Protein chains: 2
Amino acid sequence: METYCKFETALDILTGKWKPVILLNLFNNGTLRFSELQKAIPDITKKMLAQQLRELEYHDIVRREVYPQVPPKVEYSISAYGRRIAPVLQAMNDWGVGHIEHMNELYGEERKAESFPGN
Amino acid sequence: METYCKFETALDILTGKWKPVILLNLFNNGTLRFSELQKAIPDITKKMLAQQLRELEYHDIVRREVYPQVPPKVEYSISAYGRRIAPVLQAMNDWGVGHIEHMNELYGEERKAESFPGN
DNA sequence: CAGCATCCCATACGATACTG
DNA sequence: CAGTATCGTATGGGATGCTG
């Protein structure tokens, strides 16, 4: 009765329109400045980028380093603790890859796996 | 650059206010009627229960069996394919358990691990 | 450069009523 | 019993402008 009881915690932290792509960029590139993240994610606004980074930082997934200089320079990276979430992302990714195939088998290639009629 | 690229797919499917607790109940109890799920999740409305079940059914995570009788009887269970998501939930759960501890170390027991100031 | 403040909108979710 | 329909609300997210 206790199994999976806390998987909602991971869900809460990863949920957010831009968190996946932010994490992806930081995992792949190591360290990025605020402006570099903006360039890597062209459609994100400064507000959302800052907000989602704050949340990830609060949960100690992302590390924020401020260089006290003018103009400001702030670098973001996955924290040491944050790397512990990698296996979770990997498991989700592996399942996701298989699931997209499964959806194609069920509904055909023309319909996207993530979509749900009415969404 | 391709790693974790599809973990957002799993996120999409698991996201929804009631999906975690619905899945939990079905994983733990095997098969449940609509009304039994309602009883198990007192705060959910019929509308939300039906809606979230439809989405899970569409993604072939949940199986829906209708008994053509009056009054109606409908049973829900995790589909054979749906069981393949169990390792993902397990990975998320394991990480979540550790994360709650980590948050307590960082911020103290009084603040809930899932919360973020302002949420 | 790296942000925060303000305002606005779309959508997820909730309350309630009705039905085969 | 197991839903759907309709309406109202609350929250996440977007557009834009200002600042150290």
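Remember, it's a predicted structure, so these values are computed and weren't measured experimentally. Chain identifiers are assigned alphabetically (A, B, ...) following the order of the sequence lines, protein sequences preceding nucleic acid strands; residue numbering begins at 1 within each chain. Any value given below was found using the heavy atoms of this structure, including those in side chains, with hydrogens, waters and symmetry copies removed.
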Starting at atom CZ of A:F34, determine the distance to atom P of C:dA2, rounded to an integer number of angstrom. 7 Å
Show me the pairs that pass side chain to side chain donor-acceptor pair (under 3.5 Å) and involve residues 71-80 of chain B, at least two apart or across chains. B:R54-B:Y76, B:R64-B:Y76, B:Y67-B:E75
Quick check: do A:L14 and A:L89 have side-chain heavy atoms less than 4.5 Å from each other? yes
Five-pair end axes of the helix from C:dC1-D:dG20 to C:dG20-D:dC1 and the angle they enclose, rounded to 10°: 50°
Output the rounded distance in Å from CZ (A:R64) to P (C:dA2). 10 Å
Rounded distance in Å - NZ (A:K73) to P (C:dG3): 14 Å
For A:Y4 and B:A86 the tightest heavy-atom approach is OH-CB, 3.3 Å
So, using side-chain hydrogen bond (donor to acceptor under 3.5 Å, both in side chains) as the criterion, who are the partners of B:E105 when residues are at least two apart? none
From CD of A:Q51 over to P of C:dA5, roughly how many Å is that when rounded to an integer? 12 Å
Look at the rings of A:H59 and B:H99 and say which category their plane angle falls in: under 30° parallel, 30 to 60° tilted, over 60° perpendicular. tilted
d(CD, A:Q69; P, D:dG20) in whole Å: 19 Å
Roughly how far, to the nearest 0.5 Å, is the CH2 atom of B:W18 from the CG atom of B:L23? 13.5 Å
Between B:R33 and D:dA2, does any side-chain N or O lie under 4.0 Å from OP1 or OP2? yes
Atom-to-atom span, CG of B:L49 to P of C:dG14 - whole angstrom: 12 Å
Salt bridge (Lys or Arg N to Asp or Glu O under 4.0 Å) partners of residues 14-29 of chain A, not counting sequence neighbours, each pair once: A:K19-A:E55
Between A:G82 and A:F27, the two heavy atoms sitting closest are O-CZ, 4.1 Å
side-chain hydrogen bond (donor to acceptor under 3.5 Å, both in side chains) against A:Q90, all qualifying residues, sequence neighbours excluded: A:D94
Whole angstrom is fine here: how far is it from CD in A:E75 over to P in C:dG3? 12 Å
Indicate for each nucleotide in nucleotides 15-20 of chain C, in 5' to 3' sequence, whether protein heavy atoms under 4.0 Å reach the base (B), only the sugar-phosphate (S), or nothing (-). B----B
Determine: side-chain N/O of B:S35 to OP1/OP2 of D:dC1, distance under 4.0 Å, yes or no. no
Under 3.5 Å, which donor-acceptor pairs do the side chains of residues 34-47 of chain A form with other protein atoms, sequence neighbours left out?
{"residue": "A:E36", "atom": "OE1", "partner": "A:R33", "partner atom": "N", "Å": "2.7"}
{"residue": "A:T45", "atom": "OG1", "partner": "A:M48", "partner atom": "N", "Å": "3.2"}

At 4.0 Å (heavy atoms only), tell me whether B:E36 reaches a base, stays on the sugar-phosphate, or touches nothing. nothing
Please work out which residues in residues 16-23 of chain A have a non-hydrogen atom less than 4.0 Å from an atom of DNA chain D and list them by number. A:G16, A:K17, A:W18
Decide, yes or no, whether a salt bridge links B:E65 with B:R63 under the criterion of side-chain N to carboxylate O below 4.0 Å. yes
Starting from the 5' end of DNA chain C, give me the residue, B:I44 or A:R54, whose nearest nucleotide shows up first. A:R54
Calculate the interatomic distance between A:M48 atom CE and D:dT16 atom C1'; express it in whole Å. 15 Å
One should read off an interatomic distance between B:T15 OG1 and A:L11 CG, to the nearest 0.5 angstrom, of 4.5 Å
What pairs with A:E57 under side-chain hydrogen bond (donor to acceptor under 3.5 Å, both in side chains), at least two apart in sequence or on another chain? none
Identify each atom pair where a protein N or O and an N or O of nucleotides 8-10 of chain C are less than 3.5 Å apart, giving names and distance.
none

Rounded distance [0.5 Å steps], CZ in A:R84 versus CG in A:D60: 11.0 Å
Please classify the nucleic acid contact of A:Y67 as base, sugar-phosphate, or nothing, using heavy-atom distances under 4.0 Å. nothing
Do any side-chain nitrogens or oxygens of B:Q52 fall under 4.0 Å of OP1 or OP2 in C:dA12? no
